[in-house]
**Q** 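Take a look at the following structure, please.
When a residue number appears, it is its place in the shown sequence, counting from 1.
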Amino acid sequence: MEIAHSQSGMRAGMLLAAAFFGIVADAAAQQEKQLEEVVVSASRSEQKRFDAPASIDAIQVDPLRAASPLVNLSELLGTAPGIQIRERQNYAQDLQLSVRGFGTRSTFGVRGVRILIDGIPATMPDGQGQPSTATLTSARRIEILRGPVAQLYGNAAGGVLQVFTADPPLSPQAPYASASVGAGGDGQRQLGFTLAGGGDTLGGLLDVSRYETDGYRDHSAAERTQLNAKVLWRPSASTTVTGIVNVFDQPLAQDPLGLTRAQFEENPRQVAPVALTFDTRKTVDQRQAGLVLEHKVDRSNTLNARLYAGTREVFQTLSFSGAAANSSGGVVDLDNHYRGAGMSWTHRTWAGGMPLNWTVGMEADDLDQTRRGFVNNNGTPGVLRRDESNDANNVDIFGQVDWTFAEQWKATVGARASRVRLAVDDRYVTAASPNDSGSVEYRNTSPVLGLVWYASDNLNLYGNIGRGFETPTLAESAYRSGGTGPNLSLQPSTSRQGEIGMKWRSGTQSADLAIFTARSRDEIVPLATENGRSIFQNADRVARRGIEASWRNNMGRFSTQAAYTLLDARFKQSFTSANGVVAAGNRLPGAPMHSLFTQLEYRPVEGLTTALEMRVESKFYVDDLNSEAAPGYAVFNLRAAHELRAGATRWTLFGRVDNVFDRDYAGSVIVNDGNRRFYEPAPGRRFFIGLRASI
């Protein structure tokens with residue numbers, strides 16, 4: 001098997017990217033100025049992305065024209081630097097998502113990044129997030145906020161990812177309906193439809209999509225159905241009420257587990273035999289409803305409020321029996337009930353004759369979790385081994401002030417005071433499993449200070465410093481070494497972060513550059529990871545520093561984008577894990593030093609779009625010991641979409657070929673796996689074709 005890790009391949013890819021840039025730059029001066037994207041995450045109010053005093057990207061989404069299945073966020077976020085998002089070919093474990101090296105340690109779900117969908121958290125109070133619940137077939141914009149300003153969103157805000165879905169039309173003349181169908185390699189099948197309409201003050205939208213796959217690897221089939229319903233009521237010009245209902249139903253997600261290096265090189269499609277023995281898999285059923293209010297009291301004051309509640313039921317079989325009397329079992333049954341509320345007040349005024357805006361608010365969220373564990377009788381739940389009630393809740397108060405104190409200067413000052421509480425009520429008490437009840441409370445204040453210089457109409461320079469924290473999640477606290485109950489001795493990780501950046505635009509071109517640094521204390525790292533069960537500990541002094549750069553140009557029929565990240569993430573102090581001593585200077589696993597994404601898009605005729613994408617990554621280590629590394633790679637993708645009209649109907653036929661040269665490479669890794677099954681292979685050459693219609 002050939003592994004795409006040669007330096008020559010990576011150099012060739014970068015030379016090709018440079019050629020793309022040269023073609024586009026030659027004609028840039030002849031083009032018109034691009035419209036700026038609007039963002040809200042940096043200051044909780046609308047502003048142009050170019051003016052935002054922070055590292056932030058906005059990805060515009062047009063579900064009708066997108067030449068992609070719109071199943072995973074990884075399809076859309078390649079053009080943003082500083083973020084790693086990996087589709088693991090394992091729907092039992094969700095995407096791997098990290099920002100500036102925060103979140104790389106997560107073996108399932110998302111850790112270290114705050115996720116919101118239409119203003120409602122997809123991250124629980126303990127910091128665990130689930131990005132797959134975002135319905136991309138109705139998405140319109142995705143924002144990625146990085147750096148110190150993200151700390152104002154609270155626990156686990158190494159970065160913030162917000163997904164905004166389409167609003168229903170408020171016009172009797174603007175109803176629409178759309179449908180989509182698609183199929184691709186490895187048994188991929190996708191169906192969806194959207195209905196939307198309304199009157200002058202009330203509108204509604206319903207989006208339903210279904211996706212099935214046989215999986216690239218053996219024992220990796222999955223199926224899911226998602227629903228996003230939205231009701232928009234505007235009783236007056238100053239008040240908007242939005243009601244949202246989301247359903248995420250994943251009745252099947254087989255888990256092929258990772259592969260050892262030898263297995264990966266022998267046959268990347270194979271499954272770990274123990275996965276078949278214990279029928280490793282996961283089912284998820286999540287239902288959520290929310291209400292969002294925006295009320296403009298007058299020209300200077302705006303109130304925003306949110307209220308939401310939901311349930312999330314998870315059933316998972318792990319790769320061992322868990323039959324021992326002091327074990328927690330090899331089958332996990334979680335029943336989650338969560339709810340939350342938040343309110344903020346934004347005031348626009350003047351100070352010293354210059355604009356001053358401030359926002360203050362409060363948020364409270366609560367999660368009740370029933371966790372049960374059973375013996376895994378070859379995929380069938382056996383006798384009870386764990387029964388407890390867990391609770392995670394937070395109460396946060398925050399404030400942010402933006403003051404344009406001089407004609408070309410703006411200062412930002414903010415702080416967030418957080419209180420997070422985790423509690424366990426153990427209801428399974430035997431001679432071999434004593435009472436492990438307990439609780440722990442964490443408190444922290446995260447200040448942020450920023451400054452931006454609007455040097456000219458085409459150039460902004462900014463800098464931010466801040467302090468943040470991450471508490472252990474309930475999953476990270478679930479197990480302790482040598483015991484049956486939770487690990488409540490874990491401390492929250494704290495970080496000090498700083499960045500300086502530049503934003504430039506000229507004609508159709510724009511470029512962003514940011515240099516960042518972050519130093520963490522009490523980083524939460526794995527002590528041992530075996531058979532899908534991780535035990536965590538604290539480790540001191542972890543440093544992350546790097547550079548983010550992006551460039552865009554639109555020259556009529558051609559457009560080009562590039563995003564590059566240099567990330568140097570290291571342990572600065574040695575510590576001991578179950579596998580040995582981790583030396584100071586070792587790199588954080590799962591974090592490549594170099595990442596590059598480029599795309600050249602060409603529109604030869606009206607309605608036809610073609611594009612070539614390239615993704616390059618350097619090697620990244622698989623464990624804290626840096627004993628092995630997944631090789632670097634360069635892969636190329638092709639896509640095309642043709643839009644046409646027939647009467648009132650718009651049709652889009654699209655297709656894509658991923659991994660054109662059929663490279664074998666590890667798309668992601670399971671960091672610190674105790675069985676050394678680190679590698680999760682990416683698919684070889686794969687096709688997908690689809691048809692969408694809107695009327």
**Q** Which label fits Tyr338 and Tyr308: parallel for a plane angle under 30°, tilted from 30 to 60°, or perpendicular past 60°?
**A**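 Ring orientation of Tyr338 relative to Tyr308: tilted.
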
**Q** Asp540 side chain to Asp522 main-chain N or O, any donor-acceptor pair under 3.5 Å?
**A**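 Present.
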
**Q** Between Asp387 and Arg427, does at least one N-O distance fall below 4.0 Å, as a salt bridge requires?
**A**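 Result for this pair is yes, salt bridge flagged.
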
**Q** Looking just at side-chain N and O atoms, do Ser437 and Asp426 make a donor-acceptor pair shorter than 3.5 Å?
**A**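 There is no such pair (donor and acceptor under 3.5 Å, judged by atom type) between the side chains of Ser437 and Asp426.
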
**Q** With sequence neighbours excluded, give me every salt bridge (charged side-chain N to carboxylate O under 4.0 Å, His left out) pair touching residues 623-633.
**A**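 Matches after skipping sequence neighbours: Glu628-Arg676.
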
**Q** Determine whether Asp255 and Arg281 satisfy the following criterion, salt bridge (charged side-chain N to carboxylate O under 4.0 Å, His left out), listing intermediate values before the conclusion.
**A** CA-CA 5 Å; Asp255 188 350; Arg281 65 194 189 277; over 6 Å; no

**Q** Verify salt bridge (charged side-chain N to carboxylate O under 4.0 Å, His left out) between Asp335 and Arg312, making sure each step is shown before the conclusion.
**A** CA-CA 6 Å; Asp335 190 2; Arg312 181 179 175 88; over 6 Å; no

**Q** State whether the side chain of Gln316 and the backbone N or O of Gly330 hold a donor-acceptor pair below 3.5 Å, judged by distance alone.
**A**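 Not at all, since once roles are kept as given, no pair shorter than 3.5 Å links the two residues.
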
**Q** Locate the shortest heavy-atom distance separating Ser74 from Ile85; write the atom from each residue and the value.
**A**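 Heavy atoms only, the tightest pair is N-CD1, 3.7 Å.
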
**Q** Check whether the side chains of Ser209 and Asp207 place a donor and an acceptor atom closer than 3.5 Å, and report yes or no.
**A**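 Note: Ser209 and Asp207 side chains miss the donor-acceptor criterion.
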
**Q** Near Arg519 CZ, under 6.0 Å, is it more than 12 heavy atoms from other residues, nucleotides or ligands?
**A**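 Not buried by this count: 12 neighbours or fewer within 6.0 Å.
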
**Q** For Ser98 and Arg105, which I'm curious about, is there any donor-acceptor pair between the side chains at under 3.5 Å?
**A**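 No pair is found: no donor N or O on one side chain lies under 3.5 Å from an acceptor on the other.
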
**Q** Would Gln254 and Ser220 count as having a side-chain donor-acceptor pair, cut-off 3.5 Å?
**A**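 No.
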
**Q** Would you say Arg114 and Thr123 are linked by a side-chain donor-acceptor pair, where the criterion is simply a distance under 3.5 Å?
**A**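 Not at all, the side chains of Thr123 and Arg114 share no donor-acceptor pair under 3.5 Å.
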
**Q** Going through the checks in order, is the side-chain hydrogen bond (donor to acceptor under 3.5 Å, both in side chains) test met by Thr104 and Gln84?
**A** CA-CA 9 Å; Thr104 57; Gln84 289 284 339; over 6 Å; no

**Q** Does the side chain of Glu87 pick up a donor-acceptor pair with the side chain of Gln89 at under 3.5 Å?
**A**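 Short answer, yes.
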
**Q** Answer with yes or no whether the side chains of Tyr633 and Asn659 bring together a donor and an acceptor at under 3.5 Å.
**A**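 Judged by distance alone, the side chains do not pair up.
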
**Q** Does Arg371 reach the main-chain N or O of Leu334 with its side chain, forming a donor-acceptor pair under 3.5 Å?
**A**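 No; judged by distance alone, with no hydrogens or angles, the pair does not exist.
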
**Q** Check the side chains of Asn487 and Ser477 for a donor-acceptor pair under 3.5 angstrom, ignoring hydrogens and angles.
**A**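 No, Asn487 and Ser477 have no side-chain donor paired with an acceptor closer than 3.5 Å.
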
**Q** For Glu470, is there an ion pair with Arg111 - N to carboxylate O distance below 4.0 angstrom?
**A**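 Answer for the salt bridge query: yes.
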
**Q** Could you check whether Asp366 pairs with Arg339 (Lys NZ or Arg NE/NH1/NH2 to Asp/Glu carboxylate O, under 4.0 Å)?
**A**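 Answer for the salt bridge query: yes.
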
**Q** Check step by step if salt bridge (charged side-chain N to carboxylate O under 4.0 Å, His left out) holds for Arg386 and Glu388.
**A** CA-CA 7 Å; Arg386 187 169 192 170; Glu388 64 192 33; 3.0 Å; yes

**Q** Do Arg521 and Glu523 pass the salt bridge (charged side-chain N to carboxylate O under 4.0 Å, His left out) test, and can you show the C-alpha distance, the side-chain angles, and the key distance before you say yes or no?
**A** CA-CA 5 Å; Arg521 304 296 300 268; Glu523 185 91 2; over 6 Å; no

**Q** Between Arg287 and Asp285, is there a side-chain N and carboxylate O pair less than 4.0 Å apart?
**A**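 Result for this pair is yes, salt bridge flagged.
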
**Q** Consider only side-chain N and O atoms of Asp279 and Thr317, and report whether a donor and an acceptor are under 3.5 Å apart.
**A**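 Side chains of Asp279 and Thr317: no pair found under 3.5 Å.
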
**Q** Have Thr213 and Asp186 got a donor and an acceptor in their side chains that come within less than 3.5 Å?
**A**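 Side-chain D/A pair, Thr213 to Asp186: absent.
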
**Q** Any donor and acceptor pair, going by atom type alone, linking the side chain of Asn155 with main-chain N or O of Ser418 inside 3.5 Å?
**A**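 Checked: no pair found.
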
**Q** Using a 3.5 Å distance criterion without hydrogens, assess whether the side chain of Gln270 forms a donor-acceptor pair with backbone atoms of Asn267.
**A**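 Confirmed, Gln270 side chain pairs with Asn267 backbone.
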
**Q** Without hydrogens or angle criteria, can the side chains of Glu223 and Tyr211 be said to hold a donor-acceptor pair below 3.5 Å?
**A**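 No pair is found: no donor N or O on one side chain lies under 3.5 Å from an acceptor on the other.
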
